[in-house]
Amino acid sequence: MWLDRRYNDPFRSGMAVYNICIARSCQPPDCDHPDCGSCGNACCALEFLFPLGPDTAFKTLVTDLQNGGADSLYTYVGSSDLRPYNLTSGAMYMIQAIHTTLVMRYNDTLDFVVVSTSSSPPLFSVVRIFSVSQIQGALCDAGQNYKNIVGFIKGLGVEYVQRTVFGCAITFG
């Protein structure tokens, strides 16, 4: 018996669904840094230098997350005060949040660490933010993890300098 593989091939069907979902997953602006599996799943890690002390930066981040962020799709999960541990890395606070994408309603996890600069008192802080797609098998994210981070930071209305740490379409030569 002859079987027409064009319609019964699970790989082809899965790729069609994958391509449709990817095309609809990230809504511009800020979808111009797609990642395809840098962390095994799609991810993005960025670092921001803020003209705020770490305590002020932490409070600003937490308050905005608790209010849902600029697009009202962020959910504050929790935070940790690392100051009692006197970490040599300068890490003072950790924060976790979830972002739900606009169209497909995917959830992505964001982890933040607020680091003190060496000045005393610290007049600046560095905030490292990592976003990873929660859906298993999200090989390419159409730029959504980058957008999760940058969209949130832009919504704060605070000046910053940005640096890519990992993922977000970094290519290795």
Side-chain angles (χ1 to χ4, degrees), residues 21-22 24-35 37-85 87 89-116 122 124-170:
C21 290
I22 287 300
R24 294 178 50 201
S25 63
C26 189
Q27 300 300 306
D30 299 320
C31 298
D32 54 346
H33 288 78
D35 185 74
S38 292
C39 300
N41 232 22
C43 71
C44 182
L46 300 174
E47 190 171 80
F48 299 88
L49 177 66
F50 289 108
L52 304 171
D55 296 336
T56 304
F58 171 73
K59 289 174 189 166
T60 300
L61 295 167
V62 168
T63 299
D64 206 58
L65 287 168
Q66 289 173 333
N67 291 326
D71 66 1
S72 301
L73 295 172
Y74 292 86
T75 303
Y76 172 76
V77 174
S79 58
S80 300
D81 183 350
L82 304 175
R83 293 175 298 172
Y85 305 109
L87 300 172
S89 66
M92 296 182 69
Y93 301 99
M94 291 179 71
I95 306 166
Q96 189 170 70
I98 304 293
H99 182 257
T100 302
T101 62
L102 182 63
V103 176
M104 298 301 290
R105 311 306 285 174
Y106 295 128
N107 288 328
D108 301 320
T109 301
L110 286 90
D111 291 303
F112 301 66
V113 63
V114 179
V115 179
S116 174
F124 292 87
S125 58
V126 172
V127 178
R128 293 185 193 115
I129 308 173
F130 178 78
S131 177
V132 64
S133 300
Q134 283 187 10
I135 187 169
Q136 185 277 329
L139 181 62
C140 294
D141 66 358
Q144 185 62 53
N145 284 296
Y146 178 82
K147 180 184 177 80
N148 292 343
I149 299 170
V150 171
F152 176 75
I153 294 300
K154 285 181 176 178
L156 295 175
V158 177
E159 289 184 43
Y160 61 86
V161 175
Q162 174 183 323
R163 179 177 83 89
T164 300
V165 177
F166 192 78
C168 319
I170 290 180

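Just so you know, these numbers use all the heavy atoms, side chains as well, and skip hydrogens, waters and symmetry mates.
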Any idea which heavy atoms bring [X] and [Y] closest together, and the distance?
{"X": "Leu46", "Y": "Cys168", "answer": "CD2-SG, 4.0 Å"}
{"X": "Phe166", "Y": "Ser38", "answer": "CE2-O, 3.3 Å"}
{"X": "Pro51", "Y": "Phe124", "answer": "CA-CD2, 3.5 Å"}
{"X": "Ala138", "Y": "Asn41", "answer": "N-OD1, 3.0 Å"}
{"X": "Ala91", "Y": "Val113", "answer": "CB-CG2, 3.7 Å"}
{"X": "Ser125", "Y": "Val114", "answer": "CB-CG1, 4.3 Å"}

Which of Leu61, Val62, Thr60, Asp55 passes side-chain contact (heavy atoms from CB on, under 4.5 Å) with Phe58? Answer is Val62

When the aromatic ring centroids of Phe112 and Phe152 are compared, is their separation below 6.0 Å?
yes

Going by atom types alone, do Asn145 and Ser133 pair a side-chain donor with an acceptor below 3.5 Å?
yes

Which residues satisfy the salt bridge (Lys or Arg N to Asp or Glu O under 4.0 Å) test with Asp30, sequence neighbours excluded?
Lys154

List the steps, then state whether side-chain contact (heavy atoms from CB on, under 4.5 Å) holds for Leu52 with Val158.
CA-CA 9 Å; Leu52 304 171; Val158 177; 3.9 Å; yes

If you apply the rule side-chain contact (heavy atoms from CB on, under 4.5 Å), what do you find for Val126 with Phe48, and how did you get there?
CA-CA 6 Å; Val126 172; Phe48 299 88; over 6 Å; no

For the atom pair CG (Leu110) and OG (Ser131), what is the distance rounded to the nearest 0.5 Å?
4.0 Å

Ion pair present between Lys147 and Asp108, side-chain N to carboxylate O less than 4.0 angstrom?
no

Between Ser79 and Tyr93, does the side-chain contact (heavy atoms from CB on, under 4.5 Å) criterion hold? Intermediate values first, please.
CA-CA 7 Å; Ser79 58; Tyr93 301 99; over 6 Å; no

Steps toward side-chain contact (heavy atoms from CB on, under 4.5 Å) verdict (Ile98, Gln134)
CA-CA 9 Å; Ile98 304 293; Gln134 283 187 10; 3.1 Å; yes

Ring geometry between His33 and Tyr146 (parallel below 30°, tilted from 30 to 60°, perpendicular above 60°)
parallel

